[in-house]
Amino acid sequence: MSKPSVAELRPVVHPAGVKDRRSGEHWAGRLYMREISLRWTRHLVNTRVTPNQLTYLMVLAGVAAGAALLIPGLTGAVLAALLIQLYLLLDCVDGEVARWRGQTSITGVYLDRIGHYLSEAALLVGFGTRAADLLGQHEDSANWLWAFLGTLAALGAILIKAETDLVDVARARSGLPAVRDEAATPRSSGLAVARRAAAALKFHRLVGGVEASLLILVVAVLDVIGGELFFTRLGVALLAAVALLQTLLHLVSILASSRLR
């Protein structure tokens, strides 16, 4: 069986709205990864590889990125960033293969969400463990405060996703349809302005897998220049603070909007 061309794939696997979703589509997907993924998808749609198997590989790449951060120096940070790019690629490809074959399923959606939870948490835990100097590259013993802060950042990142997902759970259990994008606007004009300001600054994205991996790479370069782990530890503290603040603000935003009505 011949492979479909990119032109044949595009209207099927990228239907209207996929790249333009207000939530769910990452900026890197819109910017470049959706075009790269099409070149991979065309080679996979006629194979025996299933969409769920690709999702499992996505999770493996994401968790491996967190483990890679245990490798000291720039090597670990570069490897983690590359693995997160692979994670993002597979996140695009699994859905594209499913749509081409007509194999989209609730199980696939569930596995995808679990994969995001695990992968992004693993990256932040790995970052905290890296800052703790587990292998004793810079200090005589590990400083577990940084591992704790990395775990705190991971918990915040998971809670932010859970707060969003639980809106759909609450609505489904109440017999309501899926929430519309416009319902996300807070009913209070003051909160609406604050939400727009936060969205414009995009600081909440720092705890996402792609953004966090890039920040980790930047601070690793700075540590190579400056020595020791000062910038890595500063990065861990920053992500922990962002995750905790965003968890609270996101919860307030949901409760103040019409998403639960």
Side-chain angles (χ1 to χ4, degrees), residues 26-28 59 62-74 76-81 83-84 87-88 113-139 141-166 194-195 197-224 226-255:
H26 195 273
W27 61 265
V59 179
V63 172
L69 291 174
L70 298 179
I71 301 172
L74 196 56
V78 170
L79 182 56
L83 284 167
I84 287 295
Y87 154 84
L88 179 61
R113 295 307 298 166
I114 289 293
H116 290 308
Y117 279 50
L118 288 175
S119 300
E120 297 190 10
L123 184 71
L124 294 172
V125 170
F127 190 29
T129 306
R130 178 185 179 87
D133 195 20
L134 185 64
L135 299 181
Q137 298 289 308
H138 302 280
E139 297 178 356
S141 60
N143 188 333
W144 293 105
L145 169 64
W146 302 105
F148 170 75
L149 289 177
T151 303
L152 205 60
L155 177 61
I158 289 174
L159 286 174
I160 292 165
K161 291 183 179 298
E163 287 169 354
T164 299
D165 291 342
L166 287 172
R195 185 177 185 275
L201 292 173
K202 296 182 176 21
F203 75 96
H204 59 285
R205 287 185 173 176
L206 284 174
V207 293
V210 174
E211 292 83 354
S213 70
L214 295 176
L215 174 66
I216 291 167
L217 183 57
V218 169
V219 297
V221 171
L222 292 174
D223 279 338
V224 168
E228 299 188 348
L229 292 169
F230 173 80
F231 290 103
T232 289
R233 289 175 171 176
L234 182 63
V236 170
L238 172 65
L239 293 190
V242 167
L244 291 178
L245 179 61
Q246 181 61 16
T247 299
L248 177 60
L249 293 179
H250 191 47
L251 178 61
V252 171
S253 175
I254 290 171
L255 294 175

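Since the structure is predicted, the reported quantities are computational estimates derived from the model, not experimental observations.
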Practice task
Would you sort out whether Leu214 and Val218 count as a side-chain contact (heavy atoms from CB on, under 4.5 Å), showing the intermediate values?
Solution key: CA-CA 6 Å; Leu214 295 176; Val218 169; 5.6 Å; no

Practice task
In sequence, state the C-alpha distance, the side-chain angles, and the governing distance for Leu123 and Val63, and then conclude on side-chain contact (heavy atoms from CB on, under 4.5 Å).
Solution key: CA-CA 7 Å; Leu123 184 71; Val63 172; over 6 Å; no

For a quick test of reading the model, state the closest non-hydrogen atom pair linking [X] to [Y] and the distance between them.
{"X": "Gly115", "Y": "Tyr87", "result": "O-CE1, 4.4 Å"}
{"X": "Gly235", "Y": "Phe127", "result": "C-CE2, 3.7 Å"}
{"X": "Ala122", "Y": "Gly62", "result": "CB-O, 4.4 Å"}
{"X": "Gly156", "Y": "Ala243", "result": "CA-CB, 3.9 Å"}
{"X": "Ala81", "Y": "Ser213", "result": "CA-CB, 4.1 Å"}
{"X": "Val236", "Y": "Gly150", "result": "CG1-N, 3.7 Å"}

Distance from [X] atom [atom1] to [Y] atom [atom2], nearest 0.5 Å?
{"X": "Leu152", "Y": "Leu244", "atom1": "CG", "atom2": "CG", "value": "4.5 Å"}
{"X": "Thr151", "Y": "Leu155", "atom1": "OG1", "atom2": "CG", "value": "9.0 Å"}
{"X": "Thr232", "Y": "Asp223", "atom1": "OG1", "atom2": "CG", "value": "4.0 Å"}
{"X": "Ser119", "Y": "Leu88", "atom1": "OG", "atom2": "CG", "value": "11.0 Å"}
{"X": "His116", "Y": "Ile158", "atom1": "NE2", "atom2": "CD1", "value": "13.0 Å"}
{"X": "Leu124", "Y": "Ile216", "atom1": "CG", "atom2": "CD1", "value": "6.5 Å"}

Are [X] and [Y] close enough that some pair of their side-chain heavy atoms sits under 4.5 Å apart?
{"X": "Trp146", "Y": "Asp133", "result": "no"}
{"X": "Leu83", "Y": "Leu79", "result": "yes"}
{"X": "Gln246", "Y": "Val207", "result": "no"}
{"X": "Leu217", "Y": "Leu74", "result": "yes"}

So, does [X] use its side chain to make a donor-acceptor pair with the main chain of [Y] at under 3.5 Å?
{"X": "Arg130", "Y": "Gly66", "result": "no"}
{"X": "Tyr117", "Y": "Ala162", "result": "yes"}
{"X": "Ser253", "Y": "Leu249", "result": "no"}

Handout entry: Residue pairs passing the salt bridge (charged side-chain N to carboxylate O under 4.0 Å, His left out) test where at least one lies in residues 227-251, sequence neighbours excluded
Key = Glu139-Arg233

